[in-house]
Amino acid sequence: MRSAVLSLLLINAILICHPNNASAEPQLVFGLSEYVYIEELGVRYKAKIDTGAESASINAINAKVEKGKGKKDDLVHFDLVLPDNTLKSVTLPLSKHIRIKRRASDYGEDEKDYTRRPVLELTLCVGGQSHLVEVNLADRRQFSKPMLVGSEPLTAFGALVDPSKKYLLDKSLCSKKADAKEHNE
């Protein structure tokens, strides 16, 4: 009896963990940098994958919130900094605001230790998979990558991160429009 129970448990464990198990979705493995296509904006960015950050942010400047009649009617107007450093004026619904803690070296004694940023809900596509996630607007012109993807979006993708690699996922799986734009530039 004991060996029968152990055998059933072993078979169950093998079926659950087996890679050909139809119910198991394959996990994406992100490198330290990946190409991210933002469907609502029609733009692809090189993104830093940062498990130490919580949220995602994109390179945008001059953000201004326009109050709507109801709380859900607020809009944010901003200039999106495109990969070629040109600006594109964009207006999208505001999801919310978040506070991002600032580095101590970035503010004085009488300044706030956080910045308040507008947040949008955007559809990110990486490696052929798309997920609606929250993305905040930040001036990232001084950083090496115009986009940052943190732990919350990584969780939405069910992604693992291999920090020893870069650009593991096929950028062409997300949008033919983005590919056409790149070939015309």
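Bear in mind the structure is a predicted one, so any value in this text is a computation, not a measurement.
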message: So, applying side-chain contact (heavy atoms from CB on, under 4.5 Å) with Val36, which one of Leu122, Leu124, Leu169 is it?
response: Leu124

- prompt: Looking at Ser55 and Ile98, what are the two nearest heavy atoms and their distance?
  reply: OG-CD1, 4.2 Å

Polar contact flag, side-chain donor to acceptor under 3.5 angstrom, Asn59-Arg140: no

Smallest separation among heavy atoms of Pro83 and Val43, with atom names: CD-CG2, 3.5 Å

- prompt: So, for Asp170 and Ser172, which heavy atoms are closest and what is the spacing to 0.1 Å?
  reply: OD1-OG, 2.7 Å

message: Between Val76 and Leu137, is there a side-chain heavy-atom distance shorter than 4.5 Å?
response: yes

- line: Shortest non-hydrogen pair, Leu41 vs Lys88, comes out as O-NZ, 3.1 Å

field: For the student: nearest non-hydrogen atoms of Leu173 and Gly127, plus distance
entry: CD1-O, 3.6 Å

task: Using a strict 4.0 Å threshold on nitrogen-to-oxygen distance, state whether Glu134 and Lys96 make a salt bridge.
output: yes

field: With Asp74, the salt bridge (Lys or Arg N to Asp or Glu O under 4.0 Å) member among Lys64, Lys69, Lys67
entry: Lys67

message: Are the side chains of Cys125 and Glu39 in contact, using a 4.5 Å heavy-atom criterion?
response: yes

Asn136 side chain vs Ala56 backbone, donor-acceptor pair below 3.5 Å: yes

message: Quick check: do Ile58 and Pro146 have side-chain heavy atoms less than 4.5 Å from each other?
response: no

message: Any side-chain to backbone donor/acceptor pair from Arg44 onto Lys171? Under 3.5 Å, distance only.
response: yes

Short side-chain to backbone donor-acceptor contact, Glu34 and Gly31, under 3.5 Å: yes

Sub-4.5 Å side-chain heavy-atom contact between Gln27 and Phe157: no

Closest heavy-atom pair and its distance - Ala47, Val149: CB-CG2, 4.0 Å

- prompt: Would you call Val90 and Asp79 a side-chain contact if the rule is heavy atoms closer than 4.5 Å?
  reply: no

Any side-chain heavy-atom pair of Phe78 and Ile61 under 4.5 Å: no

field: Leu92/His77 under side chain to side chain contact (heavy atoms under 4.5 Å, CB included): CA gap, chis, key distance, verdict
entry: CA-CA 7 Å; Leu92 288 171; His77 306 281; over 6 Å; no

field: Expected output: side-chain Ser151 to main-chain Ala53 donor-acceptor under 3.5 Å
entry: yes

- line: Here the gap from Leu168 atom CG to Leu32 atom CG, rounded to the nearest 0.5 Å, amounts to 10.0 Å

- prompt: Do the side chain of Thr86 and the main chain of Leu82 share a donor and acceptor less than 3.5 angstrom apart?
  reply: no

- request: For the residue pair Leu75 and Val65, establish whether any side-chain heavy-atom pair is separated by less than 4.5 Å.
  value: no

message: With a 4.5 Å cut-off on side-chain heavy atoms, are Leu94 and Lys72 touching?
response: no

Evaluation steps, ring-ring contact (aromatic ring centres under 6.0 Å, His included), between Tyr35 and Tyr45: CA-CA 6 Å; Tyr35 288 99; Tyr45 285 114; over 10 Å; no

